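What you see is a predicted model; the values in this text were computed from it and never measured. Atoms within a ligand are numbered from 1 in the order they appear, just like the ligands themselves.
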Amino acid sequence: MLNGNLKLAIQKNGRLTDKSLALLRNCGLEIEDYSERLIITARNYSLDILFLRDDDIPEYVNDGVADIGIVGEDVLYEKKCDVRILRKLGYGKCNLSIAAPEEKKISEFKQLKGLRIATSFPNLLTKFLSENKINADIVEISGSVEIAPSLGVADLIFDLVSTGNTLKFNKLKKSFDVYSFESVLIANKGIQLDQNKNIELNVLLSRIDSALNAKKSKYLMMNAPKDALNKIKEIVPSLSSPTILPLADENMIAVHAVIQSEQFWKIHQLLKDAGASGVLLLPIENIIL
Ligand code: PRP
Ligand code: ZN
């Protein structure tokens, strides 16, 4: 499609598909429901979304068929792709792990010696085995690696584990993790985008930054006695300049502030002890810095 739109490749069917679409929608893009289509144009943005096998995405970006792509770091490292990482996206976190049939107990590297390990990550498995001086057989399979042990093709697998559902479904158990990855936004290293695409990309990047920041933050609201304000400021590190609102009871105030999501459970009891009540924590859809 030579319509001049910026072209973004995302995974067609897999761990990253829904989360990638959710991120784009959080950036204000209107995207119709994806139903087995290979390409969708955003309704309100000059962006075409190409749905591809995740393994193929770096190559399409390298060839310039797609301008940018969302892909797991696993694929980048396995394929030793020479692309530019524009952003780490913080979702799609997963491990590349050794897993074995439930009844087999494998917990140490040295137990892999002489076993057959099925994987679609032969390069990363070779690296791991050689770094740990383990002699094992690599059985290279391009998909559905998890069925290899039950077919008798391999003793173990070396595959991505995210929720663990695929393992459970195939009566496999994780033995240990080897590498950890998340999803990233990539671009071609050499090709210069034309002016329009470049503008679209920069706007998209700044929206992605806002959406990612918003995800890390929460809006904290509470009521407190007026004289507890200093104590509350000490408890909440980001409260150097909170929003303070008067309440009908003139001895009370409402305090509002943006905090890092992970701070909440560390401070929530301290806030209560300081006299805060009606503590609310709300999600933030977007933050423009
Ligand atoms: C990976 C992996 C498993 C699944 C594991 O597939 O191959 O199938 O994710 O996830 P779970 O632990 O949440 O069940 P991916 O989405 O990368 O697709 P692909 O196999 O087509 O590359
Ligand atoms: Zn994959």
Side-chain angles (χ1 to χ4, degrees), residues 8-24 34-40 49-63 65-66 68-83 85 87-102 104 106-107 112 116-129 138-151 153-186:
L8 164 70
I10 68 170
Q11 188 182 22
K12 185 169 160 49
N13 273 318
R15 295 172 301 114
L16 303 181
T17 312
D18 287 345
K19 286 182 176 157
S20 301
L21 288 171
L23 172 67
L24 296 172
Y34 156 68
S35 48
E36 294 302 313
R37 288 181 47 191
L38 298 181
I39 183 159
I40 289 180
I49 302 163
L50 319 182
F51 293 89
L52 302 170
R53 278 191 53 211
D54 63 345
D55 289 11
D56 297 333
I57 290 176
E59 232 164 280
Y60 278 102
V61 170
N62 250 334
D63 296 346
V65 176
I68 49 176
I70 294 179
V71 74
E73 290 171 308
D74 48 286
V75 176
L76 291 190
Y77 296 137
E78 173 62 25
K79 301 200 171 263
K80 300 178 184 137
C81 299
D82 200 19
V83 290
I85 295 183
R87 293 291 185 276
K88 285 197 162 215
L89 298 174
Y91 63 84
K93 292 200 171 149
C94 59
N95 294 306
L96 193 48
S97 313
I98 293 282
E102 277 164 356
K104 220 178 210 136
I106 303 265
S107 51
L112 304 183
R116 296 163 304 159
I117 310 172
T119 191
S120 46
F121 295 90
N123 292 325
L124 288 173
L125 181 54
T126 304
K127 179 171 144 65
F128 163 67
L129 292 176
I138 298 177
V139 181
E140 193 177 335
I141 296 178
S142 60
S144 304
V145 167
E146 56 278 357
I147 57 171
S150 60
L151 295 178
V153 180
D155 304 299
L156 311 171
I157 67 165
F158 179 64
D159 199 13
L160 287 183
V161 183
S162 173
T163 58
N165 288 340
T166 306
L167 291 187
K168 222 182 271 165
F169 194 75
N170 290 283
K171 299 198 165 28
L172 298 167
K173 216 174 102 202
K174 179 152 80 176
S175 310
F176 50 81
D177 296 324
V178 177
Y179 299 110
S180 296
F181 302 116
E182 66 181 90
S183 61
V184 288
L185 180 70
I186 56 168

Is Thr166 in polar range of ligand 1, meaning some N or O pair under 3.5 Å apart? yes
For ligand 1, which atoms, with element, lie under 4.0 Å from some heavy atom of Gly14? 16 (O)
Tell me, which protein residue and heavy-atom name are nearest atom 16 (O) of ligand 1, and how many Å apart are they? Arg15 N, 3.0 Å
Out of Asp159, Val71, Asp54, Val145, who gets a non-hydrogen atom closest to atom 22 (O) of ligand 1? Asp54
Find all atoms of ligand 1 within a distance of less than 4.0 Å from any non-hydrogen atom belonging to Gly164, and give their numbers and elements. 11 (P), 12 (O), 13 (O)
The single option from Ile70, Leu52, Val71, Leu23 that satisfies side chain to side chain contact (heavy atoms under 4.5 Å, CB included) with Ile10 is Ile70
Looking at Leu16, is its backbone amide N or carbonyl O close enough to the side chain of Gln11 to form a donor-acceptor pair, meaning the two atoms are under 3.5 Å apart? yes
Scanning both residues in full, the closest heavy-atom pair of Tyr91 with Lys19 reads CD1-CB, 3.5 Å
Just distances here: any N/O of Val161 and N/O of ligand 1 closer than 3.5 Å? no
Count the heavy atoms belonging to other residues, nucleotides or ligands that lie under 6.0 Å from CD of Glu59, then report whether that count exceeds 12. no
Without hydrogens or angle criteria, can the side chains of Ser97 and Asn95 be said to hold a donor-acceptor pair below 3.5 Å? no
Could you check which of Leu160, Leu167, Asp55 puts a non-hydrogen atom nearest to atom 5 (C) of ligand 1? Leu160
Aromatic ring pairing Phe128/Phe158, orientation class (parallel under 30°, perpendicular over 60°, tilted between): parallel
Within ligand 1, which atoms have a heavy atom of Thr163 less than 4.0 Å away? 11 (P), 12 (O), 13 (O), 14 (O)
For Cys94, does its backbone N or O pair with a side-chain atom of Ser162 as donor and acceptor, under 3.5 Å? no
Side chain of Glu78, backbone of Asn123: donor and acceptor closer than 3.5 Å? yes
If you measure from each non-hydrogen atom of Gln11 to ligand 1, which part falls under 4.0 Å: side chain, backbone, both or neither? side chain
Between the Zn ion (ligand 2) and Asp54, which N, O or S atom of the residue is the nearest one? OD2
Find all atoms of ligand 1 within a distance of less than 4.0 Å from any non-hydrogen atom belonging to Ser162, and give their numbers and elements. 10 (O), 11 (P), 12 (O), 13 (O)
